[in-house]
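To keep things clear, I will list the structure first and then write my remarks on it.
Here is how names work: the chains are called A, B, and so on, in the same order as the sequence lines, proteins then strands, and each is numbered from 1.
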Protein chains: 2
Amino acid sequence: MKFSSRLPIAVHTLLVIEVFKGQYKITSDFIAGSVGVNPVIIRNILIQLKTANLVEVAAGIGGATLKKSPQEITLLDIFHAVEADESLFHIHEHPNPDCLVGRNINSILYTHFDKIKKTVEQELNSITLQSLLEQVK
Amino acid sequence: MKFSSRLPIAVHTLLVIEVFKGQYKITSDFIAGSVGVNPVIIRNILIQLKTANLVEVAAGIGGATLKKSPQEITLLDIFHAVEADESLFHIHEHPNPDCLVGRNINSILYTHFDKIKKTVEQELNSITLQSLLEQVK
DNA sequence: AAATGTTGTAAGTATTGACATTACAATTAA
DNA sequence: TTAATTGTAATGTCAATACTTACAACATTT
């Protein structure tokens, strides 16, 4: 079980946008310099954040800005924006339907895993970008 | 963010051991038939479960049995047994230490992610193998 | 209108991890 | 000894992730 690195990068991106707004033009190159990855990675993440209505990106001239206030953006919003795959858990497998266990395992595990997922989402939702900003300073 | 399929397979394995004990000899082949994977996968997972003191495997003659009662085994025990990588979250990255955000991002995210991890572990710990057994029947 | 800087996007490569498969020595009971 | 099974190594395959290069589209500035 593991988060991809997209959530951390997206959070980092949003923090940079807000911390340095006004001072610098926040281009994908600028963000990439702080995060330490290729600018294309940042552009792709910006597209996802834009689709989720969290940021605005100026095509041509360049520069990204937040579209909501930091109080209104939670880690869950960011998580949903960049982790397209909602399936958190492997329920895959091809269990044997002729076996009592194989027949039931997936629905049983799914029930429990889904509950855990909801708990995680609840926690992510309780953390705002604003609180992270305050921790940065 | 995603579980590997090792936890589901390990749970499936333990359930098969307990459900069919006495009726059949529970070999890696037998378990593999119910799970729907290669027997070697099961053997490797059995080794991990054995190391965690959850099962006993008879070398040579074959057959696996539980080493604790189903009430004493929780999903967290199984999780720890098979998910060696405890790092749940990507804190990797190489953020720029010369940037205010880059300098602080990892410790901030780590704090929050660690709290979420503890919550997940708490939930996993509340689910016993016994309760899963009851759901199978 | 041209030059400049940036975004949007595609394509190719590399790396990693998970899982599958084959093979065989070691082990144990019959 | 024979037969069945485990323990373990080696190899192959596949998907996901990330890195990089490249360039057309776009908007501002000159």
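One can place NZ of B/K25 at 7 Å from C1' of D/dT5, the figure rounded to the nearest angstrom. For B/K50 and C/dT27, the NZ to P distance is 12 Å, given to the nearest whole Å. Distance, A/Q48 CD to C/dT9 C1': 14 Å, rounded to whole Å. Between B/E56 atom CD and D/dT5 atom P there is a gap of 19 Å when expressed in whole angstrom units. Atom CG of B/L7 is separated from atom C1' of C/dA18 by 15 Å (rounded to the nearest Å). Summarising the geometry, the separation between CD1 on A/I17 and C1' on C/dT7 is reported as 14 Å, rounded to the nearest angstrom. With rounding to whole Å, A/I45 atom CD1 is found 14 Å from C/dT7 atom P. Spacing between atom OH of A/Y24 and atom P of C/dT6 amounts to 15 Å, rounded to whole angstrom units.
Residue pairs satisfying the side-chain hydrogen bond (donor to acceptor under 3.5 Å, both in side chains) criterion with at least one member in residues 50-62 of chain B, sequence neighbours excluded, are listed as follows: B/N53-B/K67.
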Counting only pairs under 3.5 Å, give me each side-chain donor-acceptor contact of residues 27-39 of chain A, with atom names and distances, residues two or more places apart or in other chains.
residue	atom	partner	partner atom	Å
A/T27	OG1	A/D29	N	3.4
A/T27	OG1	A/F30	N	3.1
A/S28	OG	A/R43	NE	3.2
A/S34	OG	A/H12	NE2	2.8
A/N38	OD1	A/V40	N	3.0

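For the pair B/K118 and B/E121, the salt-bridge criterion is not met [side-chain N within less than 4.0 Å of a carboxylate O]. We find that A/R6 and A/E83 are not joined by a salt bridge, their nearest charged nitrogen and carboxylate oxygen being 4.0 Å or further apart.
Mapped onto DNA chain C by nearest heavy atom, A/I47 and A/G62 fall at different nucleotides, with A/G62 at the one closer to the 5' end.
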Report task. Treat primed atoms plus P, OP1 and OP2 as sugar-phosphate and everything else as base, then score nucleotides 20-30 of chain D 5' to 3': B for base contact with protein heavy atoms under 4.0 Å, S for sugar-phosphate contact only, - for none. Result -> BBB---BSS--

Query raised in the report: Checking side chain to side chain contact (heavy atoms under 4.5 Å, CB included) for the pair A/V57/A/L49: CA distance, chi angles, key distance, verdict?
Result: CA-CA 10 Å; A/V57 182; A/L49 294 174; over 6 Å; no

Requested in this report: Applying side chain to side chain contact (heavy atoms under 4.5 Å, CB included), run through A/I127 and A/L76 and close with a yes or a no.
Outcome: CA-CA 8 Å; A/I127 302 165; A/L76 183 60; over 6 Å; no

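Among the nucleotides C/dT6, D/dT6, D/dT5, the one closest to the side chain of A/T27 is C/dT6.
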